[in-house]
There are 2 protein chains.
Amino acid sequence: MRMAELSTRSGTPVATIKYYQRETLLAGGERSGPNQALYAESHLERIRLIRGLTEVGGLSVAAVRRVLEAIDSERSLPETFEIAQHSVSATIDESTVSAEALARVDALTAGWHVSAANPGRLAAARVVDTFAEVGQIDVRGWFDRYAAAALLAAEADIDELDARVDRAAKGETVVVGTVLGDKLFSGLRRAAQEHIAALRYGQPPEAAPDHTP
Amino acid sequence: MRMAELSTRSGTPVATIKYYQRETLLAGGERSGPNQALYAESHLERIRLIRGLTEVGGLSVAAVRRVLEAIDSERSLPETFEIAQHSVSATIDESTVSAEALARVDALTAGWHVSAANPGRLAAARVVDTFAEVGQIDVRGWFDRYAAAALLAAEADIDELDARVDRAAKGETVVVGTVLGDKLFSGLRRAAQEHIAALRYGQPPEAAPDHTP
DNA sequence: GCTATCCGATAGTGGCACTATCCAGATGTG
DNA sequence: CACATCTGGATAGTGCCACTATCGGATAGC
């Protein structure tokens, strides 16, 4: 297909597609002349992936470039995981989190095999610090229960990964799962919050859910 | 205290504090002259809250303004929840998600009391759509297991909320918990991913966790 | 008195993700 | 074949956002 079709089928402006090419997120088409090129179905899929990662996943163009490179290269799964994890979360310098918060997180994840450089470990410690800084205290094991929930999700992640066969599919699942998993969870948590709140102090729980406005 | 102390103690540049005042995130100090003002401890706490929400929570200044207004006003808890939820997630038009994805999410949350307008419901549906668009399929109940994890987290959220006594504290807990909860979970999930991956195909599980690089 | 600091207003900066324009050459349509 | 339309590549511009810098006139504190 040519540029115009790629644009309409992906729902992305031509100028934006050209921008992605300049940013090396998207390869050029197969050249059929000095100023002509043809694009394959794979280009369309790649654009959809890029837009999913940016619009829904909230990744920056630079982060998308990193994870795409990880998918395309013949990296091992743990390496791909590491790249995906680093790309979704802002890099946190260990010096910016308190030793107490780090110790708290390490206690939460006691028994887990987590390296010191795991970006999630630092991100969680950062949250623990912030929680304290704004005067909140963990009175009912909020942290611990989140750790339990996270373990559940991570098991689901790896099970899903095991269902993929070839390496390219695994790489893409790692990236997509890491990026979209956060969003899926936060969405479902908001729904669950409304549910639990309604159960405890809101409308009577026997009221049927209303999905038609 | 005066502006200089407010700046040093909060670790925020004077120009930025003035910017927050212009943006009505922070009230002016108590005036002691035509061009002098004194700031209280509450101003310092407010700045810490603002920076926690922006730097760690990733909220925009506009979103911070909305949630602070919700905390300060005498709104009911469900209303505060709604504002906090809308502020953390980008508004999604129902027309941009497919009916199938919406039905899938409603099936995941069957039995929950969730209103049609819940932003999390739409956000989750958006993720389900994107997952399909990039060619991924949910083979091992990934969605369902995330719903279970979300329910666990939401229960922890509401329990934590119940531990607060006065309304102002509850409001702040709603906001902080909603905003930081997402980040805490995503951090812990990354740690858990490394753990489970190591357990399944990585280093031997008997290797002790290494927290000293 | 003198220097450092203050408030408030206004303008400027840098990063980011596009978006628009231009050009010479290619294509397709009647 | 005429001619409007489209193409790839290069370059410049836009809009938004979260600050950041500067200025002028006034005050604080020694």
Side-chain angles (χ1 to χ4, degrees), chain A residues 1-40 43-44 46-68 87-88 90-91 179, chain B residues 1-40 43-44 46-68 87-88 90-91 179:
Chain A
M1 79 193 87
R2 306 255 296 280
M3 181 57 89
E5 190 180 345
L6 194 59
S7 171
T8 54
R9 284 183 62 192
S10 68
T12 308
V14 171
T16 303
I17 295 177
K18 288 184 176 183
Y19 167 66
Y20 290 156
Q21 291 181 327
R22 273 199 306 284
E23 294 292 323
T24 72
L25 303 186
L26 185 68
E30 199 190 344
R31 307 304 302 270
S32 67
N35 67 342
Q36 297 290 300
L38 289 174
Y39 301 93
H43 286 91
L44 187 57
R46 185 45 69 93
I47 293 175
R48 284 206 255 259
L49 180 56
I50 294 168
R51 293 200 80 87
L53 294 177
T54 54
E55 292 183 0
V56 181
L59 291 203
S60 70
V61 164
V64 171
R65 184 166 38 231
R66 283 194 296 273
V67 299
L68 291 180
S87 297
V88 288
T91 312
V179 174
Chain B
M1 77 194 87
R2 304 256 295 282
M3 181 56 90
E5 190 180 345
L6 194 59
S7 171
T8 54
R9 285 183 62 191
S10 68
T12 308
V14 172
T16 303
I17 295 176
K18 288 183 177 183
Y19 167 66
Y20 290 156
Q21 290 180 326
R22 275 200 304 284
E23 294 292 323
T24 72
L25 303 186
L26 184 68
E30 199 191 344
R31 306 305 301 267
S32 67
N35 68 342
Q36 295 291 300
L38 289 174
Y39 301 94
H43 285 91
L44 187 57
R46 185 46 69 95
I47 292 175
R48 283 206 256 259
L49 179 58
I50 294 168
R51 293 199 79 87
L53 294 176
T54 54
E55 290 182 1
V56 181
L59 291 202
S60 68
V61 164
V64 171
R65 185 164 40 231
R66 284 194 296 272
V67 299
L68 290 180
S87 297
V88 287
T91 313
V179 174

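Every chain is numbered from 1, with letters handed out A, B, ... down the list of sequences.
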How is [X] classified with respect to the nucleic acid when contacts are heavy atoms under 4.0 Å: base, sugar-phosphate, or nothing?
X        : answer
Ser60(A) : sugar-phosphate
Arg31(A) : sugar-phosphate
Ala4(A)  : sugar-phosphate

Strictly below 4.0 Å: does Tyr19(A) bring a side-chain N or O up to OP1 or OP2 of dA20(C)? no
Report yes if at least one side-chain N or O of Arg65(A) is closer than 4.0 Å to OP1 or OP2 of dA17(C); otherwise report no. no
Does a side-chain heavy-atom distance below 4.5 Å link [X] with [Y]?
X        : Y        : value
Arg46(B) : Leu68(B) : yes
Tyr20(B) : Arg51(B) : yes
Leu38(A) : Arg2(A)  : yes
Met3(A)  : Lys18(A) : yes
Ile50(B) : Glu23(B) : no

How long is the gap from [atom1] on [X] to [atom2] on [Y], to the nearest 0.5 Å?
X        : Y        : atom1 : atom2 : result
Leu26(A) : Ile17(A) : CG    : CD1   : 7.5 Å
Tyr39(A) : Gln21(A) : OH    : CD    : 4.5 Å
Thr54(A) : Leu49(A) : OG1   : CG    : 9.5 Å

How many Å lie between [atom1] on [X] and [atom2] on [N], as a whole number?
X        : N       : atom1 : atom2 : value
Leu25(A) : dC18(C) : CG    : C1'   : 12 Å
Glu5(B)  : dC6(C)  : CD    : C1'   : 15 Å
Arg22(B) : dC7(C)  : CZ    : P     : 13 Å
Asn35(A) : dA24(C) : CG    : C1'   : 7 Å
Lys18(B) : dT10(C) : NZ    : C1'   : 12 Å
Glu23(A) : dC18(C) : CD    : P     : 10 Å

Given that Val61(A) and Met3(B) both sit by DNA chain C, which one's nearest nucleotide is further toward the 5' end? Met3(B)
Nearest nucleotide by nearest heavy atom, which residue falls closer to the 5' end of DNA chain C, Glu55(A) or Ala37(B)? Ala37(B)
Closest-nucleotide 5' rank along DNA chain D - winner of Arg51(B) and Pro34(B): Arg51(B)
Dump every N/O contact between nucleotides 27-30 of chain C and the protein below 3.5 Å, one line per pair.
none

Counting distance only, does the side-chain N/O of Thr12(B) pair as donor-acceptor with the main-chain N or O of Ser7(B) below 3.5 Å? no
Taking any atom closer than 4.0 angstrom to a non-hydrogen atom of chain A, what span of DNA chain D does the protein reach, first nucleotide to last? dT7(D) to dT11(D)
